[in-house]
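Quick caveat, the model's predicted, so the values are computed rather than measured. Within every chain, numbering begins at 1; the chains are lettered A, B, ... in the order of the sequence lines, protein sequences first and strands thereafter.
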Amino acid sequence: MNNDVNSRVQGEAAQNPLRRLGTGHRVDTSESITFTFDGKTYTGCAGDTLASALLANGVRRVGRSFKLHRPRGLLSAGREEPNALVQLEGEGFGEPNARATLVPLYKGLKARGQNAWPSVERDMLGVLGLFQRLFPASFYYKSLMWPSWHFYEGLVRRLAGLGKVPRAADAQQYHKRNLHCEVLIVGGGAAGLAAALAAGAGGLRVVLMDDQEELGGSLLGENRVIGGSSSTAWIAQAVAKLRAQEGVTLLPRTSVIGYYEHNFLVGVERVCNHLGPGADLQQPRERLWRVRAKQVVLATGAIERPLVFADNDRPGIMLASAVQTYLNRYGVAAGRRVVLVTNNDSVYRVALDLHDLGVTVVAVVDSRRDPVGPYQQAVRDRQIPLLTGRMVRQVRGRRQVRAVRLAAHLGGGQLGESRESLACDVVAMSGGWTPSIHLYSQAGGSLDFNEHSACFVPASCAQAVRVAGAANGEFQLQGCLAEGYRSGAAAARAAGAGANVEPSAPSCDDWPQTPLEPYWYTGNAATEKQWLDFQYDVKVSDIELARRENFISVEHVKRYTTNGMSVDQGKTSNVNALAVMAALSGRKIPAVGTTRFRPPYHPATIGTFVGRDLGESYAPRLELPAHSWHLAQGAWMEDMGWQRPQCYLRAGEDFEAAVRREAVAVRRSVGMFDGSPLGKIEVKGPDAARFLNRIYINNAVSLKVNAGRYGLMCNENGVVIDDGVFVRLADDHFMVHTTSGGATRIHRWLEEWLQCEWLDLQVLVNNVTTQWANVTVSGPNARQVLQALDSDIDFDAAAFPHMQFRSGTVNGVEARILRASFTGEASYEISVPARYGLALWEAVYAAGETFDITPYGVESLMVLRTEKGYLHVGADTDGTTNPLDLGWGVPIGKKQDDFIGRRSLARANDTRKDRLQFVGIEAVDPRLPLPVGGHVVSCASPAVPAPTQGYLTSACLSPALEKSIGLGLVSRGRERLGEQVYIYADGNTTAAKIVSPTHFDAKGERLNG
Amino acid sequence: MMQIECPWCGRRDEEEFTCGGEAHIQRPPDPQQNSDAEWAAYLFDRINPKGVHLERWCHTYGCRQWFNVARHTVNHNILAVYRMGAAVPADSVGVAVDEVSA
Amino acid sequence: MEKYSLLQLAKHALSGHRHWPQAWRSPAPKASYDVVIIGGGGHGLATAYYLANQHGITNVAVLEKGWLGGGNTGRNTTVVRSNYFYPQSTLFFDHSLKLYEKLALELNYNVMLSQGGILTLGHSRHDMEMLERWSNSLQLQGVDAQMLTTEQIGARTPLLDTSPAARYPIWGGFIQHRGGVARHDAVAWGYARAADAKGVDIIQNCEVKGIRTSAKQVQGVETNCGYIRADKVAIAVAGHTSVLGAMAGLKLPIVSQPLQAMVSEPVKPCLDGVVLSGAVHTYVSQSDRGEILIGGGADRYMSYGQRGNLPIVEETLAATLHLFPHLSRLKLMRQWAGIVDISPDRSPVIGKTPIAGLYLSSGWGTGGFKAIPAGGETLAYTIAHDRCHELIEPFGLHRFVTGALIDEGAAAGVAH
């Protein structure tokens, strides 16, 4: 190692860290932008990414690796970046693990290094690297188990992880859009633009999505000639033409991340990410595009592979394509003295570009013994040293590369004697190219291994998809353009465009290439220093260890070594790791296989998948017609599917007091209840009665017109699924009332039976729940209140008895009134068209004023119905309760006909004697409330494990009885009436008695009042 | 995400539909005559094929009509859509399980 | 079997880890075995291990059509817990959890059991009553369960939005402190290594193409590696249960559906244990690597496709952000699906079948991982004695005939 050279390079860097050449195609050096990284302020320019700006400022160490905290520099210039992950901004704009290569620079940008303390530059945990040997792949499975993993877990967790979760809610919003098009083109590089030009000419809806800040793809980083002009000019022309083309939509900044069945693709558009916190907060930060395309063209390009040699992870060792992109696109020289290392021709143009812009190209190092072609000639013509048949043996410089020592490459990754040492500050490497076939694979496409280019390429796919360009293994520009035009035109034709003229691809400055010669890793160098996955610190030695321990399957190796499981999902490491596995096991690469590619292709913000379905918009609030009235009267609202008053708080009252007052008022005089959510399903047709007779466990045929009957419904397994009163409005017309939460479910249930099983029945069903508002008037004075309304209905007790139905008008509005009760008091359920709901409510309230009518809420209703022992399906039943458990054996026995679930009730288990049966429970001490959810046990202090005998499903302190009562499901309950038991809850027990569920008015006299 | 051709409304996204499981399960005409085992078979046993499945779907967030679908359970290709009560289209049966490519 | 320990790791470090032995062999299948287990997932491997370890039956083959632990074992969200409602379930799953608690030392393989607790949230008055019913049931069965107030939840898990203004505010919850997660691969590999050491042949890339029976007695299995004779055959193939069952002429009460899971990019520790919400349907934990691991409901149709669809991802992530709004700017890194075998009551279907010598371990649905140790142990007992282990007696096929379903979801309104 030449120390003089070494110190000179360092000295230059120290004197003039700026590497901006001022020649970038895509940056505007006249507009400077200040930003901070790890607390230091720097200046970049418009058009930069955070990565290019850091590079221009000579910042070499931009991250720390996940496991060993090794210092890392930029590897790439794109989305494959494994090293430059930063914590961007803070609070509501904070983002962990942002790729510096993808963050467009904006004024005031703040970024910090991650997984490092106190900074990326001086990370104390870098010391872990010294103990590297203690942490081979999956070391944790072999250790840290005594005394228990728990003992170590806290420390390990703190060491793991990358960035930090923001400490505030997201300050920005996300949108979604659905999009239908004839042709979707993914990727806006040479092939994608060509495809769009061809497809767009057909006049169809053509959409092009590209994930970069601007269209052009990898061409943006190159200096090529297309059709006689510069590639930059060609891009500009193509984009201008597409913009002008009717039907074509260009969506830059949009990453397609998922390809699902039936040609459904998902793209994420970064709408104003490039503006940072300065963005208009009315604009979405990102937008999720849900695309259904008739035809798809994937022009997703390729990603360069790193070469695998000892210490190939040192800062300053970069992908050659990245060095070229920083140079041409951003006008940034990655270093002053660049060594290019390759096994293929693609780096030669990088060498030429560097040389032509005045950057010292120390040498081009080619692992191939004697490549001869125009590329080599061009390099030689410029007097750039070309060292063939060589590879890097050793890297000098711990914190950044200072020199590389070469060795002769004997073939197959075996190195010979050491040769020259080259002082340098950047190594630009290329191990070949990996087509981005992730989306193709997600679409169900199969892959072939192309030996010529040593990469997987698309083979066949059942979906309507074509692949063009580098993604298809075509690495010559001319070929990319030609494939692009061809695929675009073919996709348009397949999507229904007329026979449009297929434009021919313009000619390019392609040179014939000498074949790549795989160089997968260095066989005779320390494999524990050869990095494959830079993010998770996976080395060749880890693959060797996996192989040694008989982890052979590609999935096993991935999981055992964690190769490719990091944030870059193996974009730069998967194929190299596969090749190492193949080499170790003497198999060919395709025989090793690949892991499945899964969405998202590139990590995508969680908020984007959620869009606007957040906060209040997470689920709509269903409001009652009289919602405003309830609120004005102090309603305590809870979400029960509908927003429903639980009770109405008066000044100075708490919840319990209000419930008690309301319950007392209903029993004493009269109350009114908003029953609008009550499920209402109309069943109509000549076979309506026959149909319901099969649905209900009750007899529906015998029901008289204008009469109602309480019924239970079961599923085929005999479990009670709903209850309610059904009413016969006419011979062929019924109204089925369901539980408030059950309307939609039961409606679908009825439809399914009618449409799928009993196609012969002539019945129509319609869920009219939301079309009718309902006010239920209940209490000893209910009839008087009804009579005070203006109605053509006779409310006299004899003319309109319990469980009868009448229709007519109330205050001039069409009304349906059912006398049915869930309180145990005489009750009238008045339904009017929903738009009159509030008016009816106010009218009833006014009519009841003389009786001190009291609005009561759901919780008060629960007290009243618990007193009365009325079942609440879903609370007093569980997913096993059958009608026999509820005491319906006798009525069922009387019914001749079959009904849904009847057969199940005859099974051994359904008739077991020790089943949980519906009973009442009464506390021995009337002042002690019974805990809902408490379990029935036989002694005051049960020894665990204690068998449960059932549980309390409802309870209240009954105002009417001055008792503490409840309902429950208790084993053999009905034969145990009078027995004393204990209710267990959270370590305490309460003495109680099993009683009949009907705690109040057992004779039912009040119902008929 | 699949697209399904509702026989009444046309092609719509999967999100508008709900799947009701295996089609052509006939409810026994007189369940009381069935043994417990026969009843259990009707209630619970399912073909659950890896291959073409005849199943019923409902256009729940559309016309609310049920219809039958012949769908491949590996690649989700839809081979046929047919109305309730209609016979199984001939070209959607007999696709062997082995023809599946994952 | 070479002992794994920190000391051993250090020793091997000195020789550059060049001398570690194979974790398991790759034997060629023999012509016959005493027991053939179809499926090299957690359940199949555990069954083989317990057959060898507890019953001395070592002439056992585990046939895996792909790679060990490559099915649902390697695709699930790794939750372990025993907070079930019905005593039959609690007994079984708590036994499983107890086995998990000593599994790392038993197998000499760190399965990274992390008992950070599993917190089940309630979002309404009704939810809280159900959680009370549930936690009291557990307490009576001697399983740890504690009700928590919203304030206690906020103090324990500050990342949760405990504001009363939330669309579905958190009313409270209950926690099983012993619940948590374990490392899925380690469970499969640990059992595989221990079973192999006892002489069990684990044969990968061996797909069963047929099950030979004669007079309702199993004879052996046809595979792509040839015919293998065995008087006892167990099917432990999760989502493919119906396919294997059909080979033996069985039509089973199982449907196969995709269950998706997803992880974010890794972040520093921000969430302890597992948080689950039945009403806002999602469950969330953070892996030791720092990834936020998210699961939701199964896709709502049958599939063997091992991939989920987008709407479920959208729904599940919306639910996740509802509970944890600060995760909005994290990035989703990977999404995948397993094929789960769902029974009518969502409880396992395990034990004997109408065919003598054919055993079933299935119906694990969305919750098979937590059952691996107990499922393996009880099935091994059942195979060894040809008599159902008492812990799995209630979970046999016969329950569908008698009607004695064990419907946990319906009882407590929870997801598995």
Side-chain angles (χ1 to χ4, degrees), chain A residues 95-97 133-134 136 139-145 149 153 156-157 160-166 169-170 260 266 545 548-550 553 555-556 559 567 598-600 603-607 609-610 613-614 616 618 878-880 904 907-910 932-935 944-946 948 951 984-985, chain C residues 4-6 9-10 13 17 20 22-24 26 67 70 104-105 109-110 112-114 125 129 132-133 136-137 140-142 147 167 185-186 264-270 288-290 309-310 313-314 317-318 321-322 325-336 402-404 407 410-411:
Chain A
E95 181 188 346
N97 309 339
R133 276 206 164 176
L134 275 177
F139 69 96
Y140 31 80
Y141 294 150
K142 294 190 177 108
S143 58
L144 312 183
M145 56 187 119
W149 165 241
E153 192 188 4
V156 172
R157 279 176 79 100
L162 290 168
K164 291 179 182 150
V165 172
D170 202 322
Y260 298 84
V266 176
L545 179 63
R548 194 170 297 135
E549 299 191 75
N550 206 16
S553 140
E555 282 286 353
H556 276 167
R559 286 154 181 263
V567 293
R598 304 188 178 284
T605 310
I606 288 177
F609 291 94
V610 177
D613 300 342
L614 274 176
E616 275 303 298
Y618 178 65
D878 67 21
T880 66
S904 290
R907 296 174 305 194
N909 187 65
D910 290 78
V932 177
H935 281 249
V944 168
T948 170
Y951 35 84
Y984 171 91
Chain C
Y4 286 165
S5 69
L6 198 55
L9 193 68
H17 301 284
W20 285 107
Q22 289 194 345
W24 47 75
S26 293
W67 37 283
L105 293 179
Y109 208 93
N110 189 359
M112 302 172 91
L113 175 68
S114 168
R125 196 175 294 275
E129 291 175 358
E132 284 279 359
R133 185 192 291 184
N136 286 327
S137 170
L140 280 176
Q141 293 169 70
M147 292 297 295
R167 177 64 185 84
D185 290 334
S264 75
E265 295 180 346
V267 284
K268 289 294 176 192
C270 60
D288 287 331
R289 238 176 246 147
N309 65 12
L310 184 76
V313 174
E314 292 174 303
L317 290 177
L321 285 197
H322 184 271
H326 292 193
L327 298 182
S328 171
R329 294 172 87 100
L330 251 61
K331 290 183 278 294
L332 185 75
M333 183 165 79
R334 254 199 317 278
Q335 172 216 341
W336 67 93
T402 64
D407 196 339

Tell me, for A/Thr605 versus chain C, whether the close heavy atoms (under 4.5 Å) come from the side chain, the backbone, both or neither.
-> both
d(A/Thr948 OG1, C/Arg133 CZ) to nearest 0.5 Å is 10.0 Å
Does the A/Asn550 side chain pair with the main chain of C/Ala23, one donor and one acceptor, at a distance under 3.5 Å?
-> no
Heavy-atom distance under 4.5 Å between the side chains of A/Phe609 and C/Gln335, does that happen here?
-> no
Output for pair (C/Arg329 CZ, A/Ile606 CD1), nearest 0.5 Å, gives 12.5 Å
Max heavy-atom pair count under 4.5 Å with chain C, selected residue of A/Tyr260, A/Tyr141, A/Tyr140, A/Phe139 | A/Tyr141
For the atom pair CG (C/Leu330) and CD (A/Glu95), what is the distance rounded to the nearest 0.5 Å?
-> 9.0 Å
Could you check which of A/Asn97, A/Leu614, A/Asp910 has the highest count of heavy-atom pairs closer than 4.5 Å to chain C?
-> A/Asn97
Chain A contact via C/Leu113 - which portion, at a heavy-atom distance below 4.5 Å | backbone
Of the non-hydrogen atoms in A/Ser143 and C/Asn110, which two are nearest, and what is the gap between them?
-> O-ND2, 3.0 Å
Part of A/Leu162 lying under 4.5 Å from any heavy atom of chain C | both
Under the side-chain hydrogen bond (donor to acceptor under 3.5 Å, both in side chains) test, residues paired with C/Asp288 that sit two or more places apart | A/Trp149, A/Arg157
Heavy-atom nearest pair, A/Ala985 first then C/Asn136, reads CA-OD1, 3.4 Å
With rounding to the nearest 0.5 Å, note down the distance linking NE2 in A/His556 to CH2 in C/Trp67.
-> 6.0 Å
Could you tell me which of C/Ala10, C/Pro269, C/Gly290 has the largest number of non-hydrogen atom pairs under 4.5 Å with chain A?
-> C/Pro269
Any sub-3.5 Å donor-acceptor pair from C/Asp407's side-chain atoms to A/Thr880's backbone N or O?
-> no
Below 4.5 Å from any heavy atom of chain C, which atoms of A/Val567 appear? Answer side chain, backbone, both or neither.
-> both
Most contact-rich option vs chain C, by heavy-atom pairs under 4.5 angstrom, among A/Pro599, A/Ala946, A/Pro945, is A/Pro599
Who wins among A/Val266, A/Leu545, A/Val944 for the most heavy-atom pairs under 4.5 Å with chain C?
-> A/Val944
One option among C/Ser137, C/Cys270, C/Gly142 has the most heavy-atom pairs under 4.5 Å with chain A, and it is C/Ser137
What closest approach, in Å, do C/Tyr109 and A/Met145 show between heavy atoms, and which atom pair accounts for it?
-> N-SD, 3.5 Å
Residue, of C/Glu129, C/Arg125, C/His322, that accumulates the most heavy atom pairs under 4.5 Å with chain A = C/Arg125
CG of C/Leu9 to CG of A/Leu134, rounded to nearest 0.5 Å, is 6.0 Å
Pair count under 4.5 Å, heavy atoms only, with chain A: among C/Glu132, C/Glu314, C/Lys268, highest is C/Lys268
Between the side chain of A/Arg548 and the main-chain N/O of C/Trp20, is any donor-acceptor distance below 3.5 Å?
-> no
For A/Lys164, side-chain hydrogen bond (donor to acceptor under 3.5 Å, both in side chains) partners two or more places apart = none
So which of C/Arg167, C/Lys331, C/His17 has the largest heavy-atom pair count under 4.5 angstrom toward chain A?
-> C/Arg167
If you count heavy-atom pairs under 4.5 Å with chain C, which of A/Glu616, A/His935, A/Arg598 comes out on top?
-> A/His935
Residue, of A/Gly934, A/Ala908, A/Pro136, A/Ala169, that accumulates the most heavy atom pairs under 4.5 Å with chain C = A/Pro136
Please assess C/Met112 against A/Glu153 for the test side-chain contact (heavy atoms from CB on, under 4.5 Å), listing each intermediate value before the final yes or no.
-> CA-CA 8 Å; C/Met112 302 172 91; A/Glu153 192 188 4; over 6 Å; no
Could you tell me the separation between the CG atom of A/Asp613 and the CG atom of C/Leu317, rounded to the nearest 0.5 Å?
-> 11.0 Å
Check whether A/Leu144 gets within reach of chain C through its side chain, its backbone, both or neither, counting any heavy atom under 4.5 Å.
-> both
Considering only heavy atoms and a distance below 4.5 Å, find which of C/Leu327, C/Asn309, C/Val267 pairs most often with chain A.
-> C/Val267
